[in-house]
Student: 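This is the structure I want to talk about, given as C-alpha cells.
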Amino acid sequence: MLKDLSSWLAATALSHTIQTAGWIIPALQTIHILAVAVLFSSAILVDLRLWRLLQRDVPLPEVARRFLPAIWPVLVILLLTGGLLIIGEPRRSLLNTTFYLKMTLLVVAIVLTAGLQWSLASVPEFWEKDWLRRLAARLTATVSVVVWCGIIFAGRWIAYTQVG
Ligand code: HEM
C-alpha cells in the first residue's frame, strides 16, 4: 500500500515540479533546517531552565511562556516543508523505517512539550513544589533533549537508510 502511495505521489504534477526544478529541494531543506534551529533553541532553553542551569533568576513559568509557544507554528513549517520533501521523493521516506522512527519520536516530543506547557500554565509552581517534582523536572528535561536530538538524528539518517 505504501509502495502504491509512493508511486502515485511520484507521478503527480507537484512531485514532477519538485523533482525537475533543481533549486526546490535545497530550498525546502534550508527552511526545514532553519525551523529545526528555532525549535531546538526554544526547547533547549526551557530544558536548561528545568535543569536550573540557565536563567535561574527568571521564574520557570515565565521562561516557558517566552519560548514554548514558538514551537507550534514552527512545527507547522516543518510539517509543510517535510510534506513537500516527501512529495518530491516519496520512496526516500515512506518506504523507510527511519522515517517512522522519527515520526514516533516526534509524537513523544509533542506530548512532552504540550504537557509541560499545559502544566505550567495551569499550576505555575507545578515542577518546583518539592524535591520529587524538581527531580521529575530534570528527568523530563533530559528526556526532552534526548528525544529532540533523536528526531534530528533520524532526520539526517533517512538519507542513509533509504531503500533501493
Ligand atoms: C513535522 C513533521 C516532519 C516531517 C513530515 C519531516 C520530514 C522530513 C523529510 C521528508 C526529510 C528529508 C529526509 C531525506 O530525504 O533525506 C527531513 C529531513 C530532516 N528533518 Fe524533518 N520532518 C518533520 C519534522 C522535523 C522535526 C520536528 C525535526 C527536528 C527537530 C526535523 C529534523 C530534520 C533534519 C535534521 C533533517 C535532515 C535535513 C537535511 O539533511 O537536509 N524534522 N524531514
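We count ligands from 1, going down the list as the structure has it; atoms in each ligand are counted the same way.
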Student: To the nearest 0.1 Å, how far is atom 28 (C) of ligand 1 from its closest protein heavy atom, and which atom is that?
Tutor: Ile151 CG2, 3.5 Å

Student: Specify which N/O/S atom of His32 comes nearest to atom 21 (Fe) of ligand 1, by atom name.
Tutor: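 Closest N, O or S atom of His32 to atom 21 (Fe) of ligand 1: NE2.
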
Student: If you count the atoms of ligand 1 from 1 in the order shown, which ones are under 4.0 Å from a heavy atom of Gln29?
Tutor: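 Once the distances to Gln29 are compared, the set is 41 (O).
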
Student: Could you list the atoms of ligand 1 found under 4.0 angstrom from a heavy atom of Leu106?
Tutor: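 In order of number, 1 (C), 2 (C), 27 (C).
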
Student: For Ile152, counting its heavy atoms only, list the atoms of ligand 1 lying under 4.0 Å from any of them.
Tutor: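 Selected atoms, number and element: 29 (C), 30 (C), 35 (C).
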
Student: Please state which protein non-hydrogen atom is closest to atom 7 (C) of ligand 1 and give its distance, to 0.1 Å?
Tutor: Gly82 CA, 3.4 Å

Student: Heavy atom to atom 12 (C) of ligand 1, shortest distance: which of Thr30, Ile71, Leu85, Asn96 holds it?
Tutor: Leu85

Student: In the protein, what heavy atom is nearest to atom 34 (C) of ligand 1, and what distance, to one decimal place, separates them?
Tutor: Gly155 CA, 3.9 Å

Student: Cluster question for you: counting only ILVMFWY and a side-chain heavy-atom cut-off of under 4.5 Å, with indirect links fine, are Leu85 and Leu80 together?
Tutor: no

Student: Could you tell me whether ligand 1 has any atom less than 4.0 Å away from a heavy atom of Glu89?
Tutor: no

Student: Looking at Phe99, does the NZ or CZ of Arg92 lie under 6.0 angstrom from its six-membered ring centre and within 45 degrees of the ring axis?
Tutor: no

Student: Of the options Leu106, Leu112, Val36, which is the one that meets Trp148 in a side chain to side chain contact (heavy atoms under 4.5 Å, CB included)?
Tutor: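 Among the candidates, only Leu106 passes.
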
Student: Name the closest protein heavy atom to atom 15 (O) of ligand 1, giving the residue it belongs to and the distance to 0.1 Å.
Tutor: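 The answer is Arg92 NE, 2.5 Å.
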
Student: Given that the side chain starts at C-beta and the backbone is N, CA, C, O, which of these parts of Ser93 lies under 4.0 Å from ligand 1, counting heavy atoms, or is it both or neither?
Tutor: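 Answer for Ser93: side chain.
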
Student: Give the cluster check for Leu120 versus Trp118: same hydrophobic cluster or not, with ILVMFWY residues linked at side-chain heavy-atom distances below 4.5 Å.
Tutor: no

Student: Checking only N/O/S atoms, does Ile158 have one that is under 2.8 Å from atom 21 (Fe) of ligand 1?
Tutor: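 Looking at Ile158, which is the residue asked about, there is no N, O or S atom under 2.8 Å from atom 21 (Fe) of ligand 1.
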
Student: So Trp8 and Lys3, do their side chains get closer than 4.5 Å, heavy atoms only?
Tutor: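 In short, these two side chains do not touch, never coming nearer than 4.5 Å.
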
Student: For Ile86, take its heavy atoms, then give the atoms of ligand 1 lying under 4.0 Å from any of them.
Tutor: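 Once the distances to Ile86 are compared, the set is 10 (C).
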
Student: Can you find a non-hydrogen atom of Phe40 under 4.0 Å from ligand 1?
Tutor: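 For ligand 1, residue contact (heavy atoms, under 4.0 Å) with Phe40 is absent.
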
Student: Do Val111 and Leu79 share a hydrophobic cluster, counting only Ile, Leu, Val, Met, Phe, Trp and Tyr and linking them when any side-chain heavy atoms are less than 4.5 Å apart?
Tutor: no

Student: Ser15 side chain to Ile87 main-chain N or O, any donor-acceptor pair under 3.5 Å?
Tutor: yes

Student: Just which atoms of ligand 1 are under 4.0 Å from any heavy atom in Arg156?
Tutor: 37 (C), 39 (C), 40 (O)

Student: I need the contact type for Val36 against ligand 1. Using non-hydrogen atoms and a strict under-4.0 Å cut-off, is it side chain, backbone, both or neither?
Tutor: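 Side chain only.
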
Student: Please say yes or no: joined through hydrophobic side-chain contacts below 4.5 Å, possibly via intermediate residues, are Leu94 and Ile25 part of one cluster?
Tutor: yes

Student: Run the side chain to side chain contact (heavy atoms under 4.5 Å, CB included) check on Val38 and Leu34 step by step: do they pass?
Tutor: CA-CA 6 Å; Val38 175; Leu34 288 174; 5.8 Å; no

Student: Above 12 or not: heavy atoms from other molecules or residues under 6.0 Å from NZ of Lys129?
Tutor: yes

Student: Suppose we measure from atom 31 (C) of ligand 1 to each protein heavy atom; which comes out shortest, and what is that distance?
Tutor: Lys102 NZ, 3.4 Å

Student: Can you sort out which atoms of ligand 1 are near Ala159, meaning under 4.0 Å from one of its heavy atoms?
Tutor: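 Answer for ligand 1: 16 (O).
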
Student: Between Arg56 and Glu128, does any side-chain N to carboxylate O distance fall below 4.0 Å?
Tutor: no

Student: Would one find an N or O of Trp148, backbone or side chain, under 3.5 Å from an N or O of ligand 1?
Tutor: no

Student: Verify the cluster assignment for Leu84 and Ile33: are they in a single hydrophobic cluster under the rule of side-chain heavy atoms below 4.5 Å apart?
Tutor: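 No, Leu84 does not connect to Ile33 through the hydrophobic network.
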
Student: Note the single closest protein heavy atom to atom 3 (C) of ligand 1, along with its residue, its atom name and the distance in Å.
Tutor: Met103 CE, 3.7 Å

Student: At under 4.0 Å between heavy atoms, is it the side chain or the backbone of Thr81 that contacts ligand 1, or both, or neither?
Tutor: neither

